[in-house]
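Reading through the structure tokens given below for one structure.
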Number of protein chains: 2
Amino acid sequence: MPAPSIRARVRAEMLDEIKAVARRHLATDGANLSLRAVARDMGMVSSALYRYFPSRDDLLTALIVEAYDALGAAVEAADAGADRLDPRGRWHAACRAARDWALARPAEYALLYGSPVPGYAAPADTLGPAMRPPAVLVGIVRDGLAAGRIAAPDPGELPEPLRADLAEIAAALAPGLPEALLARCMAGWTQLFGLISFELFGRIDRTLPHRAEYFAHQTDLMADLLGLPR
Amino acid sequence: MPAPSIRARVRAEMLDEIKAVARRHLATDGANLSLRAVARDMGMVSSALYRYFPSRDDLLTALIVEAYDALGAAVEAADAGADRLDPRGRWHAACRAARDWALARPAEYALLYGSPVPGYAAPADTLGPAMRPPAVLVGIVRDGLAAGRIAAPDPGELPEPLRADLAEIAAALAPGLPEALLARCMAGWTQLFGLISFELFGRIDRTLPHRAEYFAHQTDLMADLLGLPR
DNA sequence: ACCAGATCGAGAGCAGTGCTCTCGTTTCGT
DNA sequence: ACGAAACGAGAGCACTGCTCTCGATCTGGT
């Protein structure tokens, strides 16, 4: 084994602590994360932070990658915990896990799915983890189709150029998935994002206190659209 | 007539010019709008701006209100331009108008529907204009129902507490609209928001160049869910 | 065991920000 | 015509991200 030097160990711990403190600040102060405040909280001077992250954006990127992975893991775990032969149950479990994760960490969710800063271009590291939650949804539908529990919609509803685009995406994401079904998966994923964002960003009517029930019903509507068996 | 004084006229023009310059900066620099940069562009010193807007947040709020109204007006106009007896046509027209508006002003859309700054609480002035786009969608469905072209779904699909919540919202928004249909309207509105946000914030797969067709198909799926006649 | 080189934290400093206060000047209502 | 209100400019405060320098500490190879 490589026997990591003391310095390497301390540095790794430092990286983790910086991210932890930054996450704490994120929860209270929102996206306008102050490096100096983080440094102050750690008893350091701001310039010392630059030994660990070359810029504020790099710190944010690190937080984003970890958040994507945490969300993806939560959704995957929820799906894995549901009856494999019950597509609708898996669908609801996955959606609810995403909502629970977001409600518990609104600032981190906002970091992932809020409006991006114009200058900030998502580094390639974030692309993979970002696909994990939608991949779970697609996986549920793929399994249901393979088990003969979901019927493929009529492909004729898709105009040709769109069908070709979707076919290409399906080939990379879930080979064999009919294009019209992939389109419905994307609708479900879009809906899930919209639901959570609306709830988190205060766009749900104040006269709707039963939000968990509302969420369950909305995701159930999308399960209907997907043709998941009841 | 009140014969507005020269000063009042100049002040009104100044307010408009400040907002116009701020909108221009918003388009290039994103949500981190700099008051000093706006002032510089106007040949003023930053402190002079405070004669017109007491704080940066107030300027942003003014821009938000105007943007909400512009988006609402665009959606309403598109709906009004469609055949009143064709719910699906009106639905598509309204959705497309929202998308077109957003694509033409991504920064303003992000201002409206991006992640809110934690400290920033939406003033009451914004609540009314913010309801205009979803109100159009609800109106389309209400009209379709009144014309007997839309069937009300089984209310039994709603758990009781949720049904009661939706009934209260329906009473204020569209009296007589069945709760299950209102839920589908909200699903459509959520979907519309999600679609535009994903497209604008770069979350749509790069291998999907036919975005207008994709958008039309996705909104068509929601029209199916709403039971709009084809 | 030692020493050159890498790594680290502290501090000063720069350019930028939102915002406040003061001070003359201009305009308004009476 | 005059007091009061509105206005623009400027200085200044506290804050930000970030850079650079300067000692102190640790590391790996000899």
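Sequence lines set the chain letters: A, B, ... in the order given, protein chains first and strands last, and positions in each chain run from 1. Keep in mind it's a predicted model, so treat the numbers as computed, not measured.
Atom CG in Leu49(B) sits about 18 Å away from atom P in dC21(C), given to the nearest Å. Going from atom CG of Asp41(A) over to atom P of dT16(D) covers 11 Å, rounded to whole Å. When the C1' atom of dC19(C) is taken as reference, atom CE of Met44(B) falls 15 Å away, rounded to whole Å. The distance from atom CG of Asp57(B) to atom C1' of dG18(C) is 10 Å, rounded to the nearest whole Å. Straight-line distance from the OH atom of Tyr52(B) to the P atom of dC19(C): 17 Å, rounded to whole Å. For Asn32(B) and dG18(C), the CG to C1' distance is 13 Å, given to the nearest whole Å. Rounded to an integer number of Å, the gap from Ile18(B) CD1 to dG18(C) P is 13 Å.
As judged by a 4.0 angstrom heavy-atom cut-off over every strand, Leu59(B) is placed among residues making no nucleic acid contact. Nucleic acid contact class of Ser46(A) (heavy atoms, under 4.0 Å, all strands): base. Backbone-only engagement by Arg56(A) is indicated by non-hydrogen atom pairs under 4.0 Å involving sugar-phosphate atoms exclusively. At the heavy-atom level, Phe53(A) lies nowhere under 4.0 Å from the strands shown. Met14(B) comes within contact range of the sugar-phosphate backbone alone, with a heavy-atom separation under 4.0 Å but no base atom that close. Among the atoms of the strands shown, only primed sugar atoms or phosphate atoms (P, OP1, OP2) are found under 4.0 Å from some heavy atom of Leu33(B).
Along DNA chain C, the nucleotide nearest Arg11(A) and the nucleotide nearest Tyr50(B) are compared for position; the residue whose nucleotide lies closer to the 5' end is Arg11(A). Sequence order on DNA chain C of the closest nucleotides to Arg40(B) and Val45(A) puts Val45(A) first from the 5' end. Of the residues near DNA chain D, Ser55(A) and Arg51(A), the one whose nearest nucleotide (by heavy atom distance) lies more toward the 5' end is Ser55(A).
Partners of Pro106(A) according to the side-chain contact (heavy atoms from CB on, under 4.5 Å) rule, which considers only residues two or more places apart in sequence or in another chain, are Leu200(A).
In this structure, the separation between CD1 on Ile64(A) and CD on Glu108(A) is 10.5 Å, given to the nearest 0.5 Å. To the nearest 0.5 Å, the span separating OG1 on Thr126(A) from CG on Leu112(A) amounts to 9.5 Å.
Taking only distance into account, the side chain of Arg36(B) never meets the base of dG16(C) through a donor-acceptor pair shorter than 3.5 Å. Side-chain to base pairing of Arg7(A) with dT25(D): one donor and one acceptor N or O lie within less than 3.5 Å of each other. One donor-acceptor pair, N or O on each side, does fall under 3.5 Å between the base of dG11(C) and the side chain of Ser47(A).
Ring centers of Phe201(A) and Tyr113(B): at least 6.0 Å apart, outside the cut-off.
Under the 3.5 Å distance criterion, with hydrogens and angles disregarded, no donor-acceptor pair is assigned to the side chains of Asp58(B) and Thr61(B).
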